[in-house]
J.: 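Sharing a structure, written as structure tokens. Questions coming.
Computed from a predicted model, the values in this text were never measured in an experiment. By convention in this document, chain letters (A, B, ...) are assigned in the order of the sequence lines, proteins followed by strands, and residues within each chain are numbered from 1.
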Amino acid sequence: MSEPIKNIIEAAIMVADEPLSIDRLIALFKEDGGEPPERQVIRDALASLEEDYAERGIELKQVASGYRIQARQSVAKWVNRLWTERPPRYTRALLETLAIVAYRQPITRGEIESIRGVSVSSNVIRTLMEREWIKVAGHRDVPGRPAVYATTRKFLDYFNLKSLSELPTLAELRNLDDIATDLFDEPFQVIEGKKEEADQEDEEQSGKETGAEGNSEGQPSA
Amino acid sequence: MSEPIKNIIEAAIMVADEPLSIDRLIALFKEDGGEPPERQVIRDALASLEEDYAERGIELKQVASGYRIQARQSVAKWVNRLWTERPPRYTRALLETLAIVAYRQPITRGEIESIRGVSVSSNVIRTLMEREWIKVAGHRDVPGRPAVYATTRKFLDYFNLKSLSELPTLAELRNLDDIATDLFDEPFQVIEGKKEEADQEDEEQSGKETGAEGNSEGQPSA
Amino acid sequence: MNKEVTPSIETDSPAEPNPRPVQAEMPFAIVQGQPITTPPKDLYIPPEALEVFLEAFEGPLDLLLYLIKKQNLDILDIPIARITNQYMTYIEMMTEMKFELAAEYLVMAAMLAEIKSRMLLPRPQEMEEEEEDPRAELVRRLQEYERYKKAAEEIDELPRLEREIRTVVVDFPWKNQDRPEPEVSLDAILKAFRDVMTRVELYTSHQIEREPLSVRERMSIVLELIKSDEFIEFSRLFKPEEGRAGVVVSLLAILELMKETLIEMVQNEPGGAIYLRAAA
């Protein structure tokens, strides 16, 4: 392994969407063959990272379930403007997760992941719980006793539904589809068009358009 | 302001869940009173961050819609062990449609179909639209006013690209004059012989046939 | 034509060129539950696999390209008669077996037949100079399609999010509390769900069973009523005022909850009262 352990640990904590325990950090090295690093080696790397961040806008923070990296309070004033500047929007992953919980409740996170085919970040679950659109409805009696999620009264209220059965069935969704393709395209285009114009001002991106032209010129007229 | 601009920029890019353009980074300072930093100041801070990361497991990456920080390929092996789910895979129909839109935009669905020689399913277009990889860029001024599609910045972001010109180069079309006139109905061996001659000529024009060449050498010379 | 070439007796085709790595990852086809990761080694396709074989192609151009590449022919030099015969053999077999064949395959068959007949017609020398080679259009389309097919494979290999690329997203515990919550339309949720279902159908072979939403909803409601530390009597979970349909929904929900190991059921003596509690 040519890559320093510290680099791997830093990158892992930074990209993970939940805190990582020392055990999980050690586990990252298990498939390499040979002895995985000792706990003390991991601890030293973490201490060294902490030092690196001393003068920076981020910090290493130990919480109950492990270590995470977070922005410091000293930069919060500026970072918060990321959201005031443009209206917040939920990610596709969040909407899909919410939809799956609505249709397939009560459901565990693992089951959501197997339907979506990708992992569901803790952020998404946390955001949905904070918004009180989903709740833990119970625990499945299998190893690990995973929580099962269900939608809440607040969810129904927000979407103006009396009960879940007011949601279209799968078959209805599919039909809706064929009829509504055009309807769906139209508003999309207007919004996107406007956004593109605005973005165009950003000089950074002008290369994109020339690239497209360059390629289409390469087409033969034959 | 006591906090260095570089610290704020680093924290903001790390906290944001989408790439940040220079304009958005400048906007973070607008409410501070006084002049917001010049673009060059932001650029210098970004360059300095890039240097800081040179020996680390993370990198500053410029993609179509701005800057993001991501794990380096050199640590990907370990970092990816955090995820157990398989990454989403895309069908050939979807990828081919995407490729045609990327290289030939703006393009109508009919034109995509005539290149692929099959109809493009609504599902494919819808999935591409919903992933926000393509958008309706306008309508062609012909009867029916069909929508023309173009790729989005999100598409470039997803595939780690700054602009369309970073896409792999499209293979050259070779000259049709190379078609020999009376290959029709000739027995197989003769055709193969002729083919090799033709290939050798081709090689001067484009070195792309080497793979086929290697294979045909394995043939008995008849 | 001194040799009748059909797919089944084609033995002199050269070795398969290396398949692209990205295609190797994607099963070429699924036959009786077994993934086939490489195309068949020769042109003979067992009849029972024919439908699967054709499904693996993105249309007639893709099939033609396969026939051409399989024999290591150059697109610019395709022997139309031979390729046409092979193509027709597949199409005829499909038609005989009454498989539903996309119209595009038949259109291509007609086009090939036309080219073949035009090639057979004797033409005066001077005409030949001016008239375009009838293969030109086909070759142009094949080449055109091939370059995008290749481009698609290359795009598939680019490092991308959710696969090679992981972006840094650090925590931000200092969010403004007065920040407005994102607005979501019901339509957006429905579209998201439809999108997931579309993907599920595309990428997995198993079907998500269809269950009425009322049952799923009732499952959550029942689960809420039941606590793990105390038993609740079975009959209390039914509301007679809901009528027969309501009772059925409740029963289905309870059975489903038991199947999913979310609740357990206890009966102390035969014929005695049934109690439920959340799985401990």
J.: Taking every non-hydrogen pair under 4.5 Å, which of C:Arg141, C:Lys149, C:Glu104 racks up the most with chain B?
T.: C:Glu104
J.: Side chain, backbone, both or neither: which part of B:Arg68 has a non-hydrogen atom closer than 4.5 Å to chain C?
T.: side chain
J.: Can you sort out the partners of B:Arg131 under side chain to side chain donor-acceptor pair (under 3.5 Å), two or more places apart, ordered by chain and number?
T.: B:Tyr90, C:Glu162
J.: With side chain to side chain contact (heavy atoms under 4.5 Å, CB included) as the test, pick out the partner of B:Ile134 among B:Thr152, B:Leu98, B:Thr97.
T.: B:Leu98
J.: Of the non-hydrogen atoms in C:Pro159 and B:Asn160, which two are nearest, and what is the gap between them?
T.: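 Smallest heavy-atom distance, with atoms named: O-CB, 3.7 Å.
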J.: Between B:Ala76, B:Pro88, B:Ala11, which residue shows the highest count of heavy-atom pairs closer than 4.5 Å to chain C?
T.: B:Pro88
J.: For C:Arg160, check side chain to side chain donor-acceptor pair (under 3.5 Å) against everything at least two apart and list the hits.
T.: C:Asp156
J.: Please rank B:Val79, B:Asp157, B:Asp17, B:Asn80 by heavy-atom pairs under 4.5 Å with chain C and give me the top one.
T.: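 Result: the option with the highest number of such pairs is B:Asn80.
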J.: I'd like to verify something: which residue of C:Leu61, C:Ile75, C:Val170, C:Thr167 has the highest number of heavy-atom pairs under 4.5 Å with chain B?
T.: C:Val170
J.: Which bit of B:Leu161 is near chain C, if near means a heavy-atom gap under 4.5 Å: side chain, backbone, both or neither?
T.: side chain
J.: Contact part of B:Ile58 toward chain C, heavy-atom cut-off under 4.5 Å: side chain, backbone, both or neither?
T.: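 When you check distances to chain C, only side chain atoms of B:Ile58 fall under 4.5 Å.
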J.: Taking the side chain as C-beta and beyond, is there a heavy-atom pair between C:Ile91 and C:Met108 under 4.5 Å?
T.: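 No, too far: nothing below the 4.5 Å cut-off.
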J.: Please flag which part of C:Asp62 lies under 4.5 Å from any non-hydrogen atom of chain B: side chain, backbone, both or neither.
T.: side chain
J.: About how many Å separate CD1 of B:Ile42 and NZ of B:Lys6, when rounded to the nearest 0.5 Å?
T.: 13.5 Å
